[in-house]
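Sequence lines set the chain letters: A, B, ... in the order given, protein chains first and strands last, and positions in each chain run from 1.
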Amino acid sequence: MPLHDRISLPYAHLNLRCNPFGSLSREEKNKLIVLRIELSPYIERLREPGFAVQFLREGARNKTTHLLAIQKHFPGAPYIRLYEGQPAPQFPQSPILFIDWFHALPRVERAGLLRRKASFAIVSHLSHEWEFRRAQLDYDLVKLPVYTVEQLTHQINRRINWAKRNPDIQVPTLSAGSIARLRSRFDDDTAIINYLYEVFEDLVEVGTVEI
Amino acid sequence: MSICDLSILFDKDSHCYLPGEPVAGKVVVKVHKDCKNVHLDLSREWRTHGKGNRTSGDKGSMSIPKLQNWRSGRTYEYAFKFKAPDGPPTYHGHYLNVDWYLTVTAKILWGVTRLLSGQRSHPNCETEFLLRPRKRPLTIKCHETTKDSTQLYVLAGAILILIGIAVLLFQIWLDRTRLIDLAWGLVPFVIGIIVLSLNLENALSQLQLGPVLVSVAPGKDEFTLQGMFTFQPRRSIVLERVSIILSIRESVTKGYESNAKTHTHVLFTKKMDDTTLGKLVSKQPFETSLLLAFPEILPPTFKEDDNQIIWRVKFEVVPRDWLSWRRDIVIQVHN
């Protein structure tokens, strides 16, 4: 059949608008990503100057999402995203700064920034522990863990429900056993999301998906 | 409860339109609370979704000109009509999907209304419409006969290697053997090796074949393309075969900078060979072409930031008892 005669609404056969395990925009991530840890201890400490919290991990563990989840509790506090190889922006004067990709800033500029009388919430691929010590900051280095089975279930269901097309019609679901098997098979949550992307691409009808 | 519920109904149940065709329908508003001075804004754009980072484009806006006053409990309908855009056509692939969206937003004058409703954002509704590809043959943007710059690259690679060696020897002679000093020589040396190794086989092959010129053009029949070879062998040779291989693939990138990862999915691949060419006489110009048919269902070229559909033609000339010559060309294919 010619291409122009084959088009239909995307994923309509599954009552979905899109593959639930595809890429998300920043706004969608902020709404959908299940937080991996409790953030309230860090929120309280950040209210006083002289504290730094760093979310540290190579690869995708939703570090930025956690950073922005904290930022919601500080309306008006600036969030600055840095880019490697690009000149650093002017950092505004603020009692708290949210800085993404902190490692992209040259070391000398990082040192100058950390000397400010402020608190810092940072995402970076490198540990800045010695820089925090040098600036005499109290600090916490937070390595975000993989999802527990419960968190993974919540995350998977949240994504599928978000992608639902008609709220009154069923969508594919994953059994609890399947989710537990995914957790034990894959060490990395990104690998689970990538695997489920392929599973959902191959689905031909609504039902319970068994892995 | 929200101030109102919005929905979009198209004149066609299929939501499917050709480029340039009128897209008509209505916005239906079920009002739950009185509100005044409402401005209805309609916008359309295409967006990618799937594995790669999201991209979007061709955002167009229309609005219902008059400000509206709505009474609770009533239903209002507003007709709309616009010309379906030229493209890109709707596409649903494996890693990449391209869809068109129509969004209606009720921009309500806040103040008392907002205070009473507790609503923080403007009510809106979004739905897809499908843009068919044009019912006309795919057109291939002809590449001019492309000269092979292999020999230039080989020369550049050799020069870089020589420069690298010269700088290394100079640094050693000056007794500067720290890595940072040697790097001045190592870097051009390594780059030269890479450039040379990528181009050496073609360069050596052309010692017999001479410079090989290739090009792609639409075939005489619909959904065919023609790959053409032109060269003048420097020596008499026997050709085992010439081949063209058409491959069409999705290529999407997820993540940014050091987190970026590219995913590729092959949509179609097909090879055509000619194994009957036999002996070629030295210094006699030689031309041949191969015709390759492809299915009508294939999508056209798409190229936006991190999401692409790439049409690529690979040419091969395989002489007997000598090194092969190979070249890749990316072609643009559109409705």
Next on the checklist: If I measure from the heavy atoms of chain A, does B/Y256 come under 4.5 Å with its side chain, its backbone, both, or neither?
Outcome noted: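 Looking at B/Y256, backbone and side chain both touch chain A.
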
Checklist entry - Which bit of B/H15 comes within less than 4.5 Å of chain A, counting heavy atoms only: side chain, backbone, both or neither? => result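 Interface part for B/H15: side chain.
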
For the student: nearest non-hydrogen atoms of [X] and [Y], plus distance:
X	Y	result
B/E257	A/L82	OE1-O, 4.4 Å
A/S23	B/N53	OG-N, 4.0 Å
B/N259	A/H125	OD1-CE1, 3.6 Å
B/H94	A/Y197	O-OH, 2.6 Å

Item to check | Student check: side-chain heavy atoms of A/E28 and B/R54 closer than 4.5 Å | outcome: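 A/E28 reaches B/R54 side chain to side chain.
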
Item to check | Heavy-atom check, side chain of A/T190 versus side chain of B/K261, under 4.5 Å | outcome: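 Side-chain contact under 4.5 Å: no.
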
Next on the checklist: Please classify the contact of A/Y11 with chain B as side chain, backbone, both or neither, using a heavy-atom distance under 4.5 Å.
Outcome noted: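 Interface part for A/Y11: side chain.
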
Next on the checklist: Can you tell me which portion of A/E84 sits under 4.5 Å from chain B's heavy atoms? Options are side chain, backbone, both or neither.
Outcome noted: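 Its backbone and side chain both get close to chain B.
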
Over 12 foreign heavy atoms within 6.0 Å of [atom1], [X]:
X	atom1	value
A/W162	CH2	yes
A/K31	NZ	no
A/Q170	CD	no
A/R26	CZ	yes
B/I180	CD1	no
A/D187	CG	no

Checklist entry - Once you round to the nearest 0.5 Å, how far does CD of A/E201 lie from CG of B/N97? => result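 Interatomic distance, A/E201 CD to B/N97 CG, rounded to 0.5 Å: 6.5 Å.
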
Checklist entry - Is there a side-chain contact (heavy atoms from CB on, under 4.5 Å) between A/N19 and B/K51 once you walk through the steps? => result CA-CA 9 Å; A/N19 189 314; B/K51 197 92 170 191; over 6 Å; no

Next on the checklist: So does A/P10 get a backbone contact from the side chain of B/E128, meaning a donor-acceptor N/O pair under 3.5 Å?
Outcome noted: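 A pair under 3.5 Å: no.
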
